[in-house]
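First listed ligand is number 1; within each ligand, the first listed atom is number 1. Worth saying up front: this structure is predicted, and the values here are computed from it rather than measured.
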Amino acid sequence: MPAYRPPHIAASEITPRDIYMSRRNFMGAAAAAGLAFAGADSAFAAPLSAKPSAFKLDETLTPKEAVTTYNNFYEFGVNKDDPAANSGDFKPTPWSVKVDGMVGKPKDFGLEELMKMNLEERTYRMRCVEGWSMVIPWIGFPLSAILDQVEPLGSAKYVSFETVVRPEEMPGQKGFFQPLPWPYIEGLRLDEARHPLAILAVGLYGETLPNPNGAPIRLVVPWKYGFKSIKSIVRISLVEKQPETTWKNANAREYGFYSNVNPAVDHPRWSQATEQRIGEGGFFGANRRPTLPFNGYADQVASLYEGLDLKANY
Ligand code: MTE
């Protein structure tokens, strides 16, 4: 187990985000990101159409600039503007995702095939464990659609996910300081993975996924803290035992396997009761809104956890 202090930082300890996210600073961040910002926005982002879905929210969308320049993607660096600044050389095509393990029909899904799935636009609330949130119009399809194709065996109880390792294209994966062991790995229980809210996203805001957001394909699990939503996936495996996950391996006391958004369970170093919606103005702290159980998706997902102690299983 790595003995470093995890780089996740309490909301109160870092630069006020609403100041960072003011219009003026956006322009500054975009300019500072320079080349790579262009790379993230133009080189690979192409228009992508999807049918509208019933998954809509009566909440203001987080501006696209914020969604694509304020990111956690440690493969490109640990700062929020690093993914936009450092992902210009990342090549999301060609790509394929291996789906294997305890399945009747293992399969490599080429990106072309994945892009032809029944794509829907779904606007989801996203809550980062650090205390900020966004509202993002994703384009994607239910994860269950590809799980069905590979025919999980009865012995499969969990699903594990793996991000690509490409030090030549991902500067956070090379050099002296590497914040995490690679590949980044995540996991879900099979019933969570099959829940209709869990999607694989291939786009946002009507375009293919920008590099900082996990191009070309990433998981989106809106009732869990953001770190479950693993980016740039190359492998999905059906397994019998609860899989290892990057943040639990880094610090099991602070990051559990479940990671359900829960205002009643504090992170050991900060409260999870409220959140800062990125892009909402005002002095830092003044505008924080209450965090909802399961990030507002309790009606749909709470039944998955009946009988489970959510304080012990954080
Ligand atoms: N996936 C990989 N491969 N590497 C990462 O560092 N960060 C996670 C998650 N997926 C991360 C990742 C965290 S901490 C969050 S909050 C979300 O991605 C952020 O997604 P976004 O940048 O699209 O908002």
Side-chain angles (χ1 to χ4, degrees), residues 6-11 14 17 21 29 33 40 45 61-87 90 92 97 124-140 160-167 169-173 178-188 199-205 207-236 245-251 254-255 259 261 267 272 275-279 295:
H8 268 142
I9 300 168
I14 66 175
R17 290 183 192 82
M21 280 297 150
L61 296 181
T62 305
K64 185 179 160 198
E65 296 97 305
V67 174
T68 58
T69 63
Y70 189 82
N71 302 99
N72 277 330
F73 199 169
Y74 283 19
E75 285 84 340
F76 296 108
V78 299
N79 298 310
K80 297 288 179 271
D81 49 4
D82 283 341
N86 300 332
S87 65
F90 183 71
V97 180
Y124 282 165
R125 226 176 272 120
M126 306 298 290
R127 170 65 155 81
C128 178
V129 73
E130 296 165 333
W132 47 271
S133 61
M134 296 192 185
V135 178
I136 303 179
W138 299 107
I139 294 174
S160 75
F161 303 84
E162 206 177 293
T163 293
V164 73
V165 179
R166 280 194 200 162
E169 296 176 25
M170 301 175 122
Q173 287 183 334
Q178 297 194 22
L180 294 170
W182 316 112
Y184 192 102
I185 48 175
E186 257 305 337
L188 295 171
I199 59 170
L200 287 171
V202 294
L204 56 79
Y205 264 109
E207 295 181 351
T208 54
L209 215 52
N211 286 349
N213 298 87
I217 185 162
R218 56 94 56 89
L219 185 66
V220 176
V221 194
W223 71 95
K224 292 179 181 280
Y225 290 119
F227 63 89
K228 293 303 265 188
S229 292
I230 180 174
K231 299 176 169 182
S232 305
I233 297 170
V234 288
R235 187 169 180 195
I236 299 176
T245 62
T246 289
W247 282 102
K248 185 166 181 247
N249 281 352
N251 190 333
E254 301 193 356
Y255 309 105
S259 326
V261 174
H267 183 281
Q272 293 290 24
E275 67 201 56
Q276 175 71 38
R277 189 58 61 82
I278 298 297
N295 204 25

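- At a 4.0 Å heavy-atom cut-off, ligand 1 touches E75 through the side chain alone.
- Counting the atoms of ligand 1 from 1 in the order shown, those under 4.0 Å from a heavy atom of F73 are 2 (C), 3 (N), 4 (N), 5 (C), 6 (O).
- Contact detail for P210 and T68: the closest heavy-atom pair is CG-CG2, 3.6 Å.
- Rounding to the nearest 0.5 angstrom, the gap separating the CE atom in M170 from the CD atom in E75 is 4.5 Å.
- Residue N71 places at least one N or O, backbone or side chain, under 3.5 Å from an N or O of ligand 1.
- Only the side chain of T163 comes within 4.0 Å of ligand 1, counting heavy atoms alone; its backbone N, CA, C and O stay farther away.
- Of the listed options K231, K228, K80, M170, K231 places a heavy atom closest to atom 1 (N) of ligand 1.
- Of the options W182, W132, F76, Y184, the smallest heavy-atom separation from atom 8 (C) of ligand 1 is shown by Y184.
- Under the salt bridge (Lys or Arg N to Asp or Glu O under 4.0 Å) criterion, R127 pairs with E275, sequence neighbours left out.
- Residue R218 approaches ligand 1 through these ligand atoms, each under 4.0 Å from one of its heavy atoms: 18 (O), 20 (O), 23 (O).
- A donor-acceptor pair under 3.5 Å is absent between the side-chain atoms of T163 and the main chain of P183, judged by distance alone.
- The shortest N or O to N or O distance between S229 and ligand 1 is under 3.5 Å.
- Qualifying salt bridge (Lys or Arg N to Asp or Glu O under 4.0 Å) partners for K231, counting only residues two or more places apart in sequence or in other chains: none.
- When each atom of ligand 1 is checked for a heavy atom of Y74 under 4.0 Å away, the hits are 5 (C), 6 (O).
- For ligand 1 and G226, the ligand atoms under 4.0 Å from any heavy atom of the residue are 8 (C), 9 (C), 13 (C), 15 (C), 16 (S), 17 (C), 18 (O).
- The heavy-atom pair separating F227 from Y184 by the smallest distance is O-OH, 2.9 Å.
- Counting all heavy atoms, side chain and backbone alike, L188 lies closest to K224 at CD2-CE, 3.8 Å.
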key: Stepwise side-chain hydrogen bond (donor to acceptor under 3.5 Å, both in side chains) test for N71 and K80   = CA-CA 5 Å; N71 302 99; K80 297 288 179 271; over 6 Å; no
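- Those atoms of ligand 1 with a heavy atom of C128 less than 4.0 angstrom away are 16 (S).
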